[in-house]
There are 2 protein chains.
Amino acid sequence: MQGNCIHRLGDLQLRILQVLWDDGPSSVAAVQRATGEDLAYTTVATMLRKMEARGLVTHHESGRRYIYRAAVKRDEVTHGIADRLVDRLFHGSLTGAVNHLLETREVDPDELDDLERLIQRHRMRS
Amino acid sequence: MQGNCIHRLGDLQLRILQVLWDDGPSSVAAVQRATGEDLAYTTVATMLRKMEARGLVTHHESGRRYIYRAAVKRDEVTHGIADRLVDRLFHGSLTGAVNHLLETREVDPDELDDLERLIQRHRMRS
DNA sequence: GAAGTAATACTACCAAGGTAGTAATTGCTT
DNA sequence: AAGCAATTACTACCTTGGTAGTATTACTTC
């Protein structure tokens with residue numbers, strides 16, 4: 001929920017949230033399966049419990065088993081993490097960030113087209 | 001140096017590296033001052049020692065005092081962290097990342113111009 | 001109803017970041 | 001020389017993510 005420092009997620013925590021966002025409410029077993037990684041059942045269960053304590057997920061019972069669901073929105077988290085990065089590395093400069101990404105990644109012309117369209121679309125808006 | 005998981009830096013570690021990149025080789029006291037944060041002298045000294053153990057910085061002695069310098073390049077680190085983020089959050093899609101940044105940040109028209117120029121410049125290159 | 005199985009709860013550990021106190025050293029200043 | 005100030009070394013502690021074992025509980029199946 002609230003000011004929970006939504007950025008600062010470990011790899012496993014993010015992985016689990018992604019499963020819950022993609023697949024919707026899931027049992028521990030389902031999450032374990034969906035992560036694709038080779039983790040003990042109890043590892044996933046423990047992490048889910050820790051995440052619930054932090055307000056990242058909630059659960060309700062279905063029979064004797066817990067069904068977990070994400071308590072934070074994908075956009076919130078993505079936004080939080082991305083913003084934090086832009087601030088930490090580029091002093092909040094979006095241009096700096098995009099520039100760096102363009103410099104250091106392979107970008108094919110199609111992607112450049114996409115980007116240009118994005119910018120056009122944004123220009124309309126303001 | 002090498003395979004040291006250059007992404008995965010704590011806030012303080014990144015902060016310290018930024019000081020060393022900006023100001024060049026510095027004593028502990030200088031780093032402490034430059035971080036701007038209110039940290040005990042020994043906190044900075046300890047962190048520098050831990051970072052040296054991880055290969056992030058090196059030191060040489062000048063009289064009885066240590067002068068630390070960054071052992072990793074700014075670009076390496078920035079690239080590592082940014083790449084990791086794009087992979088973690090956007091499945092490696094640069095367009096997805098940029099799109100998200102545009103959606104969630106205030107972007108003024110000047111910045112859009114800058115971005116467009118960036119893209120043009122990149123188009124030339126390929 | 002006895003045995004097996006699946007689920008959760010509890011506990012424990014390790015590593016790393018972060019923070020800082022205390023001790024020891026050494027050099028400078030009066 | 002005596003004492004103060006700066007500096008490094010060592011140690012300690014807390015938190016969090018990550019990983020998983022063991023114990024307990026409860027449902028299912030024969």
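What you are looking at is a predicted structure, and each value in this text was computed from that prediction instead of being measured. Letters A, B, ... mirror the listed sequences (proteins, then strands); counts begin at 1.
Between the CG atom of Leu56(A) and the P atom of dG18(D) there is a distance of 11 Å, rounded to whole Å. Distance CD (Glu52(A)) to C1' (dT8(C)): 12 Å, rounded to an integer number of Å. One can place CD of Gln32(A) at 15 Å from C1' of dG18(D), the figure rounded to the nearest angstrom. Rounded to an integer number of Å, the gap from Leu48(B) CG to dG18(C) P is 12 Å. When the C1' atom of dA15(C) is taken as reference, atom CZ of Arg8(B) falls 11 Å away, rounded to whole Å. Distance, Arg15(B) CZ to dG18(C) P: 13 Å, rounded to whole Å. Rounded to a whole Å, the CE atom of Met47(B) is 18 Å from the P atom of dC10(D). Following rounding to the nearest Å, Asp11(A) (CG) and dG17(C) (C1') show an atom-to-atom distance of 15 Å.
Nearest to the side chain of Lys50(B), among dT19(D), dG21(D), dG18(C), sits dG18(C). Of the candidates dA16(C), dT22(C), dT19(C), dT22(C) carries the atom nearest the Thr42(B) side chain, counting heavy atoms from C-beta on. Closest to the side chain of Gln13(A), out of dC10(C), dT11(D), dG17(D), is dG17(D). Considering only the side chain of Leu12(A), dG18(D) comes nearest among dA16(C), dG18(C), dG18(D).
Salt bridge absent: Arg88(A) and Asp83(A) never bring a charged side-chain N and a carboxylate O closer than 4.0 Å. Between Arg74(A) and Asp22(A) there is a salt bridge, since at least one side-chain N of the basic residue sits less than 4.0 Å from a carboxylate O of the acidic one. A salt bridge does not link Asp23(B) to Arg69(B): none of the charged nitrogens lies less than 4.0 Å from a carboxylate oxygen. With respect to Asp87(B) and Arg84(B), no salt bridge is recorded, no charged nitrogen being found less than 4.0 Å from a carboxylate O.
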Considering only nitrogen or oxygen atoms on both sides, find all protein atoms under 3.5 Å from nucleotides 4-7 of chain C and state each distance.
from   : atom 1 : to       : atom 2 : distance (Å)
dA7(C) : OP1    : Arg65(A) : NH1    : 3.3

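Both Leu9(B) and Ile81(A) sit in one connected hydrophobic cluster of ILVMFWY residues. Membership requires side-chain heavy atoms under 4.5 Å apart, directly or through other members.
Contact between Gln32(A) and Leu39(A) at its shortest, heavy atoms only, is NE2-O, 2.9 Å. Across every non-hydrogen atom of Tyr66(A) and Glu61(A), the tightest pair is CE1-CG, 3.3 Å. Minimum interatomic distance between Leu48(A) and Val57(A) (heavy atoms only, all atoms of both residues): O-CG2, 3.7 Å.
Between Arg54(A) and the phosphate of dG17(D), there is a side-chain N or O to OP1/OP2 separation shorter than 4.0 Å. Contact check, Arg49(A) against dA9(C): a side-chain N or O comes under 4.0 Å of OP1 or OP2.
Taking every heavy atom of residues 78-91 of chain B and every atom of DNA chain D, no pair lies under 4.0 Å. Scanning residues 33-40 of chain A for heavy-atom distances under 4.0 Å to DNA chain C yields an empty list.
Counting distance only, with no hydrogens placed and no angle test, the side-chain atoms of Thr43(B) and the base atoms of dG18(C) include no donor-acceptor pair under 3.5 Å.
No option in Met51(A), His60(A), His59(A) other than His59(A) meets the side chain to side chain contact (heavy atoms under 4.5 Å, CB included) test with Tyr68(A).
A side-chain N or O of Gln120(A) and one of Glu116(B) form a donor-acceptor pair less than 3.5 Å apart.
Taking the side chain as every heavy atom from C-beta outward, Leu14(A) and Leu89(B) approach each other to under 4.5 Å.
The local environment of CG in Asp38(B) is sparse, with at most 12 non-hydrogen atoms from other residues, nucleotides or ligands closer than 6.0 Å.
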